[in-house]
Amino acid sequence: MKAEDDVLRALEAVLFIADEPLPTADLALLFELPAGEVEALLGILADRCQAHGRGVVLRRVAGGWRLATHPDTAPYLERFVGEHRAGRLTQAALETLAIVAYRQPISRIQLAEIRGVSCDAVMRTLLSRGMVKEVGRDQGPGQAILYGTTTYFLERLGLDSVDQLPPLAEFMPDAESVERMESGLGPGL
Amino acid sequence: MKAEDDVLRALEAVLFIADEPLPTADLALLFELPAGEVEALLGILADRCQAHGRGVVLRRVAGGWRLATHPDTAPYLERFVGEHRAGRLTQAALETLAIVAYRQPISRIQLAEIRGVSCDAVMRTLLSRGMVKEVGRDQGPGQAILYGTTTYFLERLGLDSVDQLPPLAEFMPDAESVERMESGLGPGL
Amino acid sequence: MAYAVKLDVYEGPLDLLLQLVSKERVDVADISISTVTDEYLKATSALGEVDLETASSFLVLAATLLELKSLKLLPQKSAPDPDLKMLLEERDWLLHRLVAYSSFKAAATRLSEEFDRGAGYHSREAELPEELIPEAPDIFRNISVGQIAAAAARALGPRQAPTVNTSHLTPLTVSLDQMVREMSRRLSRASRSSFRDLCADLQKPEVVVSFLALLELYRAESVELEQSQPFDTITVTWRQPPPRGSQ
């Protein structure tokens with residue numbers, strides 16, 4: 001059996017980095033431990049967060065476990081976000097918005113397939129900022145929600161319609177593959 | 001002391017949601033505390049991370065403070081770390097980045113002169129990776145865009161500022177190598 | 001004696017020259033221009049399309065190398081003539097560039113090591129918690145159409161490094177020696193021609209070789225080259241076949 005402290009440390013690191021709630025089953029798979037044992041470790045981690053007066057708490061939410069800021073810290077966070085946090089667009093948000101713009105209407109599953117990671121957190125940002133919206137339902141089984149860009153998105157970009165987005169061909173191959181070609185790296189390198 | 005615990009908690013929460021290293025001065029402003037006191041609290045927080053065997057550490061990088069995962073946990077994190085963060089830079093990109101780091105602010109033309117080849121594609125990669133950014137315009141005719149390294153670059157290196165880069169003189173070829181190059185280029189007068 | 005250089009990656013003419021002169025007891029006189037050219041072409045032709053800028057920066061260096069090489073072969077004069085002096089200044093300038101470039105190359109290696117060392121630390125790059133989004137400044141204030149298009153191209157473009165398909169290209173089979181012969185053949189027939197006409201039917205990499213071939217022929221005094229001003233037409237006039245055994 002792995003040293004408990006090592007697993008606890010890694011467990012916290014994984015939860016720290018993750019952008020989405022992590023199901024117990026995923027964590028069990030990652031650490032190659034029975035689900036029951038993982039739940040017990042998560043319990044220990046949650047207790048420690050409390051006992052040590054930490055600024056983050058471990059919460060069980062729909063879909064799994066996630067680290068979140070302690071509710072008491074909210075006033076400071078609001079002030080910090082309003083004044084200090086550089087209002088920067090994350091790479092993930094820009095990329096997701098770009099895919100929706102060019103491939104709309106598109107479902108979250110299709111988005112995740114293209115990006116290779118779940119886009120739920122990013123989509124929440126884009127939805128709450130009014131850049132994308134629900135535009136319909138997939139006809140197939142499951143009837144997934146389909147998303148598209150908003151009028152506000154077009155306004156921000158100074159476009160009349162999405163047809164005015166430049167053809168992608170102009171922007172391909174991307175910078176890195178051009179660089180690979182210029183520097184002579186073959187495929188797989 | 002109660003108040004101290006509250007600030008420590010809020011400090012951790014702010015560092016948790018921050019997307020770049022936070023300078024002591026910014027935190028002092030946010031918590032309305034003298035900088036010295038904030039530094040002391042940050043020291044306590046860093047010590048606690050260590051003492052409690054936590055999965056995250058508090059580091060001083062790029063002129064500020066940043067929470068990061070403990071290096072021992074790295075093997076577990078691969079799945080959660082984005083491709084654009086993990087990908088290695090090509091030799092050409094590293095060389096160009098080194099020149100920008102030591103010669104900033106620098107234009108693309110000056111870069112190309114030093115490397116002997118156009119660096120445009122490489123610069124696009126470095127820009128999209130967040131390693132370099134535009135920092136201004138040349139005063140001369142043409143007003144070439146000038147580039148410099150980013151906070152993220154320093155963060156990745158674990159440096160507080162570019163002044164901490166080893167002096168370029170350290171990398172100069174030794175007298176013997178220069179002599180070899182010189183004789184390689186042909187006879188002198 | 002000719003030295004072969006093994007290029008894994010072509011990183012530009014300066015890098016190539018650095019690799020050449022950093023080797024033990026190699027000097028310019030020993031470097032076969034055709035070897036360098038062949039290595040360059042081998043390294044770049046695998047890429048499919050040769051970037052014109054890469055090609056021209058190579059040409060400038062090859063020409064300098066050729067000049068230095070000819071200087072090395074000249075008997076040492078007691079009083080250097082102005083041309084020689086200029087060439088020596090050029091050499092010092094090239095040495096200066098090589099030393100600087102070599103420093104940055106070493107610094108890049110250190111950077112790479114430091115990146116590896118720092119790779120164990122990962123910071124959070126998560127979106128803001130939902131309840132805080134309304135507090136945050138407008139993250140889209142600098143967004144542009146080009147940014148959106150570039151991001152989409154990156155996400156929707158080929159996943160891995162594109163495999164360069166060279167099947168549609170004529171494999172580059174011509175060496176510098178062959179090109180010297182080909183140029184001699186064409187010129188002995190035409191006697192006088194513009195460089196453009198001489199290689200009108202050649203592909204870009206072959207044009208590079210043909211230009212080097214002409215420089216070789218010029219060195220062997222087989223041709224005369226005229227150009228009234230930079231970027232103007234280069235006129236090539238045939239004089240005599242190159243002596244046997246010339247590169």
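The chains referred to below are lettered A, B, ... by the order of the sequence lines, with proteins before strands, and numbering in each begins at 1. Because the structure is a prediction, the values reported are computed rather than measured.
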Q) Atom CD1 of I17(A) and atom OG1 of T69(B): how far apart are they, to the nearest 0.5 Å? A) 5.0 Å
Q: Measure the spacing between OH of Y76(A) and CG of L27(B) and express it to the nearest 0.5 Å.
A: 12.0 Å
Count the heavy atoms of every other residue, nucleotide or ligand shown that sit under 6.0 Å from [atom1] of [X], and state whether that count exceeds 12.
X	atom1	value
I145(A)	CD1	yes
Q104(A)	CD	yes
Q50(A)	CD	no
Q139(A)	CD	no

Search all heavy atoms of [X] against all heavy atoms of [Y] and return the closest pair with its distance.
X	Y	answer
T73(B)	A13(A)	OG1-CB, 3.3 Å
R9(B)	D72(A)	NH1-OD2, 3.9 Å
L30(B)	R79(A)	O-NH1, 3.3 Å

Q | F16(B) and F16(A) aromatic ring geometry - parallel, tilted or perpendicular at 30°/60° bounds | A | perpendicular
(Q) Is the shortest side-chain heavy-atom distance between H52(A) and R54(B) below 4.5 Å? (A) no
Q: Please look at A68(B) and chain A and tell me whether the side chain, the backbone, both or neither of the residue comes under 4.5 angstrom of a heavy atom of that chain.
A: backbone
**Q.** Proximity breakdown for L67(B) and chain A, heavy-atom pairs closer than 4.5 Å
**A.** both
